[in-house]
Amino acid sequence: MPSQKIETGHQDVVHDVVMDYYGKRLATASSDATIKIIGVSNSGSQHLATLSGHQGPVWQVAWAHPKFGSVLASCSYDGKVIIWKEGNQNEWTQSHVFSEHKSSVNSISWAPHELGLSLACGSSDGNISVFTARVDGSWETTRIDQAHPVGVTSVSWAPATAPGALVGSGLLEPVQKLVSGGCDNTVKVWKLYNGSWKMDCFPALHMHTDWVRDVAWAPNLGLPKSTIASASQDGTVIIWTVAKEGDQWEGKVLKDFKTPVWRVSWSLTGNILAVADGNNNVTLWKEAVDGEWQQVTTVEP
């Protein structure tokens, strides 16, 4: 698809843009406290809906897997997380509002669909909450209290299949793990044991010298290792890898971008990493056979 410019219609800064599963619609989050749904096709884009319900800047939006219907989550400076459902086409309603957090909710991430409809949220209050839909329509909450006491900036789920596991073998219990980044400059890995979350990396992963702005766990698709990318205010992106359960994570600097790095995002196959930096550049990176990371391309703005 050729690149196209999309007018969002937002009145203020856009913080997040996420495409749905089928690549037909974008959801955008803005400081104007709204979310816009935009239809995209080769012939252009069209505004489909504006979702209003937050009282402050909306930092992130996330589409749930389509097997759960047309569902979108959003998080905001107002401390709220809203689950939106589309009933009739382009008619969205707030199906649930979570007000557990006492300050800004900075990041949200839907679990792999194999784990059910489950949303992790990271907040400036230092806590991570995980909301999971029950069959009767209610929600169950588990929490990681004081995950990063000075504030959680980002959360991302691990793939549901362990590294090296045969996809579809069906014998393994799905993995329930999260990675988080925070204002304490660290990256932490968490695992659900018997219904409660415990730290799964000792010590915390500490190579950044300033706030971690984003973390992203790579899809593994049968790859023999787990990989996490973290981006920081200090200008670096670090690739963290671990070969097998119980081993120590190892970090390697992808590059020093000499400007804060805002977001990292993996391709669906987990072999290409997109990096968005403070100079408005988006660069794509790929791991070479020798384990070194190379820049594939720059995305022209």
Side-chain angles (χ1 to χ4, degrees), residues 1 3-6 13-19 23 26-29 59-63 75 106-110 120 122 148 152-159 178-189 205-221 223 225-242 249-301:
M1 184 192 277
S3 69
Q4 51 172 290
K5 192 166 181 180
I6 294 171
V13 180
V14 175
H15 297 289
D16 199 19
V17 181
V18 186
M19 196 164 250
L26 290 176
T28 59
W59 301 129
Q60 284 190 4
V61 282
W63 294 94
C75 65
N106 302 318
S107 179
I108 47 175
S109 173
W110 287 109
H148 298 266
V152 182
T153 56
S154 47
V155 286
S156 175
W157 285 86
L178 283 172
V179 60
S180 61
C183 303
D184 56 5
N185 311 348
T186 71
V187 171
K188 294 182 180 178
V189 178
L205 309 183
H206 200 296
M207 278 175 64
H208 288 298
T209 56
D210 205 336
W211 288 18
V212 177
R213 285 288 181 187
D214 198 22
V215 288
W217 201 310
N220 61 35
L221 294 185
L223 294 174
K225 61 186 179 191
S226 293
T227 305
I228 291 167
S230 60
S232 168
Q233 188 73 21
D234 68 13
T236 65
V237 169
I238 292 175
I239 307 291
W240 305 89
T241 53
V242 69
W249 288 84
E250 288 176 16
K252 182 177 188 175
V253 176
L254 172 85
K255 182 183 166 169
D256 182 352
F257 289 83
K258 309 278 196 250
T259 180
V261 187
W262 294 103
R263 296 299 288 274
V264 277
S265 175
W266 293 98
S267 63
L268 290 175
T269 48
N271 62 345
I272 291 180
L273 180 70
V275 177
D277 68 37
N279 290 331
N280 290 338
N281 291 319
V282 176
T283 50
L284 301 182
W285 299 80
K286 192 169 187 172
E287 189 178 12
V289 182
D290 60 5
E292 292 301 310
W293 286 82
Q294 295 170 341
Q295 187 174 330
V296 192
T297 178
T298 301
V299 182
E300 292 299 323

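These values consider heavy atoms only, across backbone and side chains, with no hydrogens, waters or symmetry-generated copies.
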Enquirer: Is the backbone N or O of Val261 less than 3.5 Å from a side-chain atom of Asp277, with the two atoms forming a donor-acceptor pair by type?
Expert: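 The answer is no, because no donor-acceptor pair under 3.5 Å joins these two groups.
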
Enquirer: For the CG atom of Leu284 and the CD1 atom of Ile272, what is their distance to the nearest 0.5 Å?
Expert: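 Nearest 0.5 Å value for the CG-CD1 distance: 6.5 Å.
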
Enquirer: Let me confirm one number: the CE-CD1 distance from Met207 to Ile239, rounded to the nearest 0.5 Å.
Expert: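 Going from CE on Met207 over to CD1 on Ile239, the span is 10.5 Å.
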
Enquirer: Within the structure provided, determine whether Ile238 and His208 are in side-chain contact (heavy-atom separation under 4.5 Å).
Expert: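 Yes, close enough: below the 4.5 Å cut-off.
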
Enquirer: Val155 and Ser109: which non-hydrogen atoms are nearest, and at how many Å?
Expert: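 The answer is O-CB, 3.6 Å.
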
Enquirer: Roughly how far apart are Asn106 CG and Thr153 OG1, rounded to 0.5 Å?
Expert: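 Nearest 0.5 Å value for the CG-OG1 distance: 7.0 Å.
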
Enquirer: Please give me the minimum heavy-atom distance between Trp63 and Trp110, naming the atom from each residue.
Expert: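 Closest approach of Trp63 to Trp110: O-CD1, 3.2 Å.
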
Enquirer: Nearest 0.5 Å, what's the CD-CG distance between Glu250 and Leu205?
Expert: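 Reported to 0.5 Å precision, the distance equals 11.0 Å.
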
Enquirer: I need the Glu287 CD to Thr227 OG1 distance, nearest 0.5 Å.
Expert: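 Nearest 0.5 Å value for the CD-OG1 distance: 7.0 Å.
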
Enquirer: Which pair of non-hydrogen atoms, one from Val275 and one from Leu254, has the smallest distance, and what is that distance?
Expert: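 Taking every non-hydrogen atom into account, CG2-CD2, 4.1 Å.
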
Enquirer: Step by step, work out the side chain to side chain contact (heavy atoms under 4.5 Å, CB included) result for Val179 and Val187.
Expert: CA-CA 7 Å; Val179 60; Val187 171; 3.5 Å; yes

Enquirer: Within the 4.5 Å heavy-atom criterion, are Arg213 and Gln233 side-chain neighbours or not?
Expert: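 SC-SC contact between Arg213 and Gln233 confirmed.
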
Enquirer: Looking at Gln295, I want to see if its CD is surrounded by more than 12 non-hydrogen atoms of other residues, nucleotides or ligands under 6.0 Å.
Expert: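 Buried by this count: over 12 neighbours within 6.0 Å.
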
Enquirer: Go through Arg263 and His15 one step at a time and tell me if the side chain to side chain contact (heavy atoms under 4.5 Å, CB included) criterion holds.
Expert: CA-CA 11 Å; Arg263 296 299 288 274; His15 297 289; over 6 Å; no

Enquirer: Grab the two heavy atoms, one from Val152 and one from Ser180, that are nearest each other, plus how far apart they are.
Expert: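 That closest heavy-atom pairing would be CG1-CB, 4.4 Å.
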
Enquirer: Are any side-chain N or O atoms of Ser154 and backbone N or O atoms of Ser107, one a donor and one an acceptor, separated by less than 3.5 Å?
Expert: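 Not at all, since once roles are kept as given, no pair shorter than 3.5 Å links the two residues.
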
Enquirer: Tell me, do Ile6 and Leu26 make a side-chain contact under 4.5 Å, heavy atoms counted?
Expert: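 Yes, close enough: below the 4.5 Å cut-off.
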
Enquirer: Can you find a side-chain donor-acceptor pair between Ser230 and Trp240 that sits under 3.5 Å?
Expert: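 Their side chains do contain a donor-acceptor pair, which is all the 3.5 Å distance test asks for.
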
Enquirer: Restricting to non-hydrogen atoms, name the atom on Phe257 and the atom on Thr283 that form the minimum distance, rounded to 0.1 Å.
Expert: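 In terms of heavy atoms, the two residues are closest at CE2-OG1, 3.7 Å.
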
Enquirer: Is the number of heavy atoms from other residues, nucleotides or ligands under 6.0 Å of Trp211 CH2 greater than 12?
Expert: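 No, the 6.0 Å shell around CH2 holds no more than 12 heavy atoms from other groups.
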
Enquirer: Can we say Lys252 and Glu292 salt-bridge, meaning some charged N sits less than 4.0 Å from an Asp/Glu carboxylate O?
Expert: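 Result for this pair is yes, salt bridge flagged.
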
Enquirer: Might you point out which heavy atoms bring Ser232 and Asp210 nearest each other, and give the distance in Å?
Expert: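 Of all heavy-atom pairs spanning Ser232 and Asp210, the closest is OG-O, 3.2 Å.
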
Enquirer: May I ask you to test the Trp249-Ile228 pair for a side-chain heavy-atom distance under 4.5 Å?
Expert: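 Sidechains of Ile228 and Trp249: in contact.
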
Enquirer: Do Trp285 and Lys255 touch side chain to side chain, with heavy atoms closer than 4.5 Å?
Expert: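 With C-beta onward as the side chain, the pair touches.
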
Enquirer: Is His206 close to Asn185 at the side-chain level, that is, under 4.5 Å between some pair of heavy atoms?
Expert: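 Yes; the side chains approach each other to less than 4.5 Å.
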
Enquirer: Using a 4.5 Å cut-off on heavy atoms from C-beta on, say whether the side chain of Lys188 contacts that of His148.
Expert: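 Yes, close enough: below the 4.5 Å cut-off.
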
Enquirer: Any side-chain heavy atom of Trp59 sitting closer than 4.5 Å to one from Asp16?
Expert: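 SC-SC contact between Trp59 and Asp16 ruled out.
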
Enquirer: Please round to the nearest 0.5 Å and tell me the distance separating atom OG1 of Thr297 and atom NZ of Lys286.
Expert: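 Reported value, rounded in 0.5 Å steps: 12.5 Å.
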
